[in-house]
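First comes the structure, then the notes that go with it.
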Amino acid sequence: EEEEEEEWHPQDAASTTPQLLSALWFMISQGKTMAKGESMTILFPNMMESLNTPTYLARLMAHFDSCKDVCDDFGIHTTLVPFTSNK
């Protein structure tokens, strides 16, 4: 059942941290055009190993947390919530 659900989410080909950051910042910039309560999910299959590493994920989220202070919408109207699969 979970595999079927993943088919409906777009996937990004990011395979490095700079590519991942670029994709995530693009998603964040798109958030300002979304209606309240609307969400966007993108899978990063080439980054699964890194994203499932607690230290990597903590550092990634710390980067975005520090950026909230200089962004107009991010952190106020748009949030980033990581989801990792139990696979």
Side-chain angles (χ1 to χ4, degrees):
E1 182 179 326
E2 192 171 318
E3 287 180 23
E4 290 177 23
E5 186 176 316
E6 287 183 354
E7 291 177 20
W8 296 103
H9 297 301
Q11 295 188 7
D12 189 281
S15 60
T16 65
T17 298
Q19 291 172 344
L20 176 65
L21 287 169
S22 176
L24 290 172
W25 277 116
F26 178 76
M27 287 176 61
I28 290 166
S29 71
Q30 296 302 300
K32 64 184 174 191
T33 64
M34 297 169 68
K36 184 176 182 176
E38 192 175 4
S39 67
M40 178 188 319
T41 300
I42 296 183
L43 303 176
F44 296 94
N46 298 330
M47 295 297 296
M48 288 281 279
E49 186 175 335
S50 295
L51 291 170
N52 282 314
T53 304
T55 303
Y56 182 89
L57 188 57
R59 288 180 177 171
L60 180 69
M61 295 309 292
H63 165 77
F64 285 102
D65 192 50
S66 68
C67 293
K68 289 178 185 178
D69 294 338
V70 295
C71 296
D72 292 335
D73 290 309
F74 180 56
I76 298 169
H77 303 289
T78 304
T79 59
L80 177 67
V81 179
F83 170 80
T84 56
S85 173
N86 291 331
K87 289 183 181 180

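By the 6.0 Å contact criterion, CD on Glu49 is open, its count of non-hydrogen atoms from other residues, nucleotides or ligands being 12 or less.
Gln11 approaches Pro45 most closely through the heavy-atom pair OE1-CG, 3.2 Å. Closest approach of Gln19 to Ser15, counting heavy atoms only: OE1-N, 2.7 Å. Contact between Pro82 and Met61 at its shortest, heavy atoms only, is CD-CE, 3.7 Å.
With values rounded to the nearest 0.5 angstrom, Gln30 atom CD is found 5.5 Å from Met40 atom CE. The distance from atom CG of Asp12 to atom CZ of Phe26, rounded to the nearest 0.5 Å, is 10.0 Å. Atoms CG and CZ, from Leu20 and Phe44 in turn, are 5.5 Å apart once rounded to the nearest 0.5 Å. Rounding to the nearest 0.5 angstrom, the gap separating the CD1 atom in Ile28 from the SG atom in Cys67 is 8.0 Å. Put simply, CE on Met47 and OG1 on Thr53 are 9.5 Å apart, with the number rounded to the nearest 0.5 Å.
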Test side chain to side chain contact (heavy atoms under 4.5 Å, CB included) on Leu60 and Leu21; report intermediate values, then the result.
CA-CA 9 Å; Leu60 180 69; Leu21 287 169; 3.7 Å; yes
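The salt bridge (charged side-chain N to carboxylate O under 4.0 Å, His left out) analysis of residues 57-70, with sequence neighbours excluded, yields the pairs Asp65-Lys68.
Using a 30° and 60° split on the angle between ring planes, Trp25 and Phe64 fall in the tilted class, from 30° to 60°.
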